[in-house]
Enquirer: 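Pasting a structure here, questions to come.
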Amino acid sequence: MIHKNFKSIEKTVFGRGSFNQLDEILQPKRSLNQGFMVFVVDNYFKGKDLEKRIPAKPEDLVYFIDVDPHEPTTEQIDQLRDEILATKGLPSGLIGIGGGSIMDIAKATALMLTNEGPSQNYQGLNLIKKPGVYHVGVPTISGTGAECSMTAVLTGPEKKLGLKCEWTIFDQVILDSELTATVPVDKWFYTGMDTFIHCIESRDGILNNAYSMAYGEQSLKLCRDIYLGENAGQNPENDDKLMVASLMGGLSLTYSEVGICHALSYGLSKIFGEKHCYANCLAFQHLGDFYPEGVAEFNTMLKKHNIVLPTGLSKNWSDAEINAMAHVAYNLHHMWNHAIGTDWQEKISIEFIEGLFRRM
Ligand code: NAD
Ligand code: ZN
């Protein structure tokens with residue numbers, strides 16, 4: 001057995017107001033390459049107070065990106081890379097300020113600035129040839145764990161797959177939960193549930209181990225405080241907790257694996273373009289026979305926060321669409337292997353997975 005030998009984020013700042021340290025953190029890096037920084041910021045912050053707090057110098061580039069129309073694409077990354085290189089050359093560094101989508105855009109663009117050709121050529125494990133530029137992640141919504149993962153998930157012409165390698169990992173993250181205060185309640189719920197599901201799936205499978213469990217259990221405890229505790233809901237204390245839970249949930253799955261819900265979620269994203277965290281929620285509510293305890297808790301959380309998920313969706317899906325989603329899910333072998341066991345192919349078939357989609 002080969003044990004994973006993984007790289008962590010180089011430097012981490014945690015605390016309310018820590019965003020104010022960004023200027024000082026960037027200072028020593030500003031002499032690298034052509035001597036300018038690129039800020040990639042969620043369009044939500046355009047015209048908001050945070051825009052004025054971005055420590056951009058006159059030579060820097062600031063891009064506001066609308067992440068709502070679709071998840072990050074290879075084409076979008078190539079365009080942004082080409083534009084930056086054509087405008088000013090190779091930047092000293094790139095800073096992403098936003099949610100999982102912006103984290104992935106920042107990580108992918110940092111890599112593609114130094115790796116020639118279209119980013120679809122690099123979708124997969126260790127295909128990137130050279131380290132990217134210095135890159136910093138500043139999450140503004142908590143849950144995906146994208147701040148600590150070694151992948152930048154992109155939707156390409158052929159597949160939805162990450163640029164996955166050690167160089168993808170941020171050199172620096174700034175965890176300032178003050179930035180998450182404005183997240184609307186539905187997004188707070190869906191993205192936070194990504195963390196909860198990471199922990200349940202990481203735990204309930206054959207690859208779980210003392211290392212993944214230590215992070216996963218602590219993250220689960222935080223999720224229970226945030227979504228079910230006496231002080232449940234969006235408040236400063238819980239915002240702090242969810243930011244840490246997201247990171248720890250990410251570390252837990254890094255050293256274990258996700259499972260059936262994520263496999264189904266990839267199908268929903270690929271065929272219907274559903275957003276990752278919402279797609280997870282759509283699937284997870286129906287997986288009580290695989291994750292009895294996790295789904296029961298999840299349903300209690302839904303009720304407590306008055307979140308109503310649609311059901312009966314599959315009535316409007318064609319057999320061909322359901323079959324296509326089942327193929328996407330089936331091909332994520334490592335997830336089924338973890339969730340069901342090494343003999344999963346004797347138990348799980350395309351027809352079986354189609355049945356799971358028909359529950360939705
Ligand atoms: P997101 O980045 O897609 O943003 C969700 C919504 O929240 C957007 O409308 C955004 O504008 C808004 N928003 C963000 N911060 C806000 C704030 N402070 N106030 C108000 N609104 C705010 O959300 P996400 O759920 O964090 O990320 C989903 C993406 O992450 C997907 O593209 C998925 O593929 C990716 N992902 C990546 C990894 C990884 O390891 N790389 C893991 C899981 C998911
Ligand atoms: Zn996830």
Side-chain angles (χ1 to χ4, degrees), residues 6 9 19 40-51 64-74 76-77 96-108 111 123 137-156 159-165 168-170 173 176-202 219 234 239 242-243 246-247 249-254 257-266 268-270 273-281 283-284 332 335:
F6 79 97
I9 305 161
F19 182 75
V40 176
V41 187
D42 189 310
N43 197 48
Y44 167 82
F45 294 106
K46 181 112 191 95
K48 303 281 195 309
D49 176 51
L50 189 74
E51 181 180 356
F64 287 94
I65 298 181
D66 183 357
V67 300
D68 286 330
H70 50 75
E71 294 197 323
T73 64
T74 52
Q76 181 182 18
I77 301 303
I97 305 172
S101 302
I102 292 284
M103 295 296 105
D104 284 349
I105 292 172
K107 291 195 279 190
L111 291 171
Q123 284 181 286
V138 186
T140 64
I141 178 170
S142 302
T144 63
E147 65 279 14
C148 69
S149 73
M150 65 178 297
T151 186
V153 183
L154 299 180
T155 304
K159 48 199 170 190
K160 180 183 169 186
L161 194 65
L163 310 185
K164 198 169 177 185
C165 70
T168 311
I169 293 172
F170 282 116
V173 293
D176 180 351
S177 77
E178 263 177 19
L179 306 182
T180 68
T182 51
V183 172
V185 66
D186 55 340
K187 293 174 184 174
W188 167 78
F189 189 85
Y190 301 138
T191 301
M193 283 305 110
D194 196 24
T195 289
F196 179 74
I197 297 168
H198 289 160
C199 296
I200 299 294
E201 292 195 313
S202 162
S219 177
Q234 281 177 288
D239 290 348
L242 191 52
M243 204 157 242
S246 173
L247 182 77
L251 291 169
S252 177
L253 80 84
T254 295
E257 191 45 86
V258 288
I260 301 170
C261 180
H262 273 72
L264 301 180
S265 170
Y266 269 69
L268 289 164
S269 296
K270 178 75 194 157
E274 294 290 2
K275 291 271 203 145
H276 177 79
C277 303
Y278 182 63
N280 280 347
C281 291
F284 196 60
L332 295 161
M335 299 182 190

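Just so you know, ligand 1 is whichever comes first in the structure, and atom 1 is the first atom listed for that ligand. Quick caveat: nothing in here was measured; it's all calculated off a predicted structure.
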Enquirer: Considering the heavy atoms of K275, write down every atom of ligand 1 situated less than 4.0 Å from one of them.
Expert: 3 (O)
Enquirer: Can M103 be said to touch ligand 1, with heavy atoms closer than 4.0 Å?
Expert: no
Enquirer: Applying a heavy-atom cut-off of 4.0 Å, say which part of D68 lies close to ligand 1: side chain, backbone, both or neither.
Expert: side chain
Enquirer: What do we get for S269 next to ligand 1 when only non-hydrogen atoms under 4.0 Å count, side chain, backbone, both or neither?
Expert: neither
Enquirer: Mind checking whether I141 and K187 have side chains closer than 4.5 Å, heavy atoms only?
Expert: yes
Enquirer: Can an N or O of D194 be found at a distance shorter than 3.5 Å from an N or O of ligand 1?
Expert: no
Enquirer: Is the contact between S101 and ligand 1 made by the side chain, the backbone, both, or neither, using heavy atoms and a 4.0 Å cut-off?
Expert: both
Enquirer: For the pair K107 (side chain) and T151 (backbone), establish whether a donor and an acceptor sit closer than 3.5 Å, ignoring hydrogens and angles.
Expert: yes
Enquirer: State, yes or no, whether a side-chain contact exists between K48 and T182 at a heavy-atom distance under 4.5 Å.
Expert: no
Enquirer: Would a 4.5 Å heavy-atom cut-off, applied to side chains only, mark V41 and I102 as touching?
Expert: no
Enquirer: Hey, what's the angle at the Zn ion (ligand 2) spanning NE2 (H198) and NE2 (H262), nearest 10 degrees?
Expert: 90°
Enquirer: Under 4.0 Å, counting heavy atoms only: does N43 come that close to any atom of ligand 1?
Expert: no
Enquirer: Quick check on contacts: which atoms of ligand 1 are under 4.0 angstrom from a heavy atom of G99?
Expert: 2 (O), 26 (O)
Enquirer: Side chain, backbone, both or neither: which part of C277 has a heavy atom under 4.0 Å from ligand 1?
Expert: side chain
Enquirer: Of all the non-hydrogen atoms in the protein, which one sits nearest to atom 42 (C) of ligand 1, and at what distance?
Expert: T144 O, 3.6 Å
Enquirer: Kindly give the heavy-atom pair with the smallest separation between M103 and G96, and that separation in Å.
Expert: CE-O, 3.5 Å
Enquirer: Using 30° and 60° as the class boundaries, would you call the ring planes of H262 and H276 parallel, tilted or perpendicular?
Expert: tilted
Enquirer: Should the proximity of D42 to ligand 1, defined as any heavy atom under 4.0 Å, be assigned to the side chain, the backbone, both, or neither?
Expert: side chain
Enquirer: Counting distance only, does the side-chain N/O of T168 pair as donor-acceptor with the main-chain N or O of L163 below 3.5 Å?
Expert: yes
Enquirer: Look at ligand 1 and say whether G98 reaches it with a heavy atom at a distance under 4.0 Å.
Expert: no
Enquirer: List ligand 1 atoms under 4.0 Å from E71, heavy atoms only on the residue side.
Expert: 31 (C), 32 (O), 33 (C), 34 (O)
Enquirer: Out of S149, P139, C148, who gets a non-hydrogen atom closest to atom 40 (O) of ligand 1?
Expert: S149
Enquirer: I'd like to check which ligand 1 atoms, numbered from 1 as shown, lie under 4.0 Å from a non-hydrogen atom of T182.
Expert: 17 (C), 18 (N), 19 (N), 20 (C)
Enquirer: Tell me: protein heavy atom nearest atom 44 (C) of ligand 1, and distance?
Expert: H276 CD2, 3.5 Å
Enquirer: Atom 23 (O) of ligand 1: which of A279, G250, P184, G100 has the nearest heavy atom?
Expert: G100
Enquirer: Do I260 and M335 touch side chain to side chain, with heavy atoms closer than 4.5 Å?
Expert: no
Enquirer: Less than 4.0 Å is my threshold; does some heavy atom of G143 fall inside it relative to ligand 1?
Expert: no
Enquirer: Assess whether salt bridge (charged side-chain N to carboxylate O under 4.0 Å, His left out) is satisfied between K275 and E71, documenting all intermediate values.
Expert: CA-CA 7 Å; K275 291 271 203 145; E71 294 197 323; 5.7 Å; no
Enquirer: Would you say T254's side chain and G250's backbone share a donor-acceptor pair under 3.5 angstrom?
Expert: yes
Enquirer: Counting only heavy atoms, tell me which of D186, D66, V258, T140 gets closest to atom 15 (N) of ligand 1.
Expert: T140
Enquirer: Are any of the side-chain heavy atoms of N280 and M193 separated by less than 4.5 Å?
Expert: no
Enquirer: Could you tell me whether some N/O pair between A146 and ligand 1 is separated by less than 3.5 angstrom?
Expert: no
Enquirer: Heavy-atom distance to atom 21 (N) of ligand 1: which of Y266, Y278, Y44 wins?
Expert: Y44
Enquirer: Would you give the length of the straight line joining atom OG of S142 to atom CG of D194, rounded to the nearest 0.5 angstrom?
Expert: 11.5 Å
Enquirer: Can E201 and E257 be said to form a side chain to side chain contact (heavy atoms under 4.5 Å, CB included), step by step?
Expert: CA-CA 7 Å; E201 292 195 313; E257 191 45 86; over 6 Å; no
Enquirer: One residue to check: F45. Relative to ligand 1, which of side chain, backbone, both or neither has a non-hydrogen atom less than 4.0 Å away?
Expert: side chain
Enquirer: At a non-hydrogen distance cut-off of under 4.0 Å, which region of V67 contacts ligand 1 (side chain, backbone, both, or neither)?
Expert: side chain
Enquirer: About how large, to 10 degrees, is the angle NE2 of H276, then the Zn ion (ligand 2), then OD1 of D194?
Expert: 90°
Enquirer: So for ligand 1, is H198 a polar contact partner (N or O within less than 3.5 Å, distance only)?
Expert: no
Enquirer: In ligand 1, which numbered atoms sit nearer than 4.0 Å to a non-hydrogen atom of D104?
Expert: 35 (C), 36 (N), 37 (C), 39 (C), 41 (N)
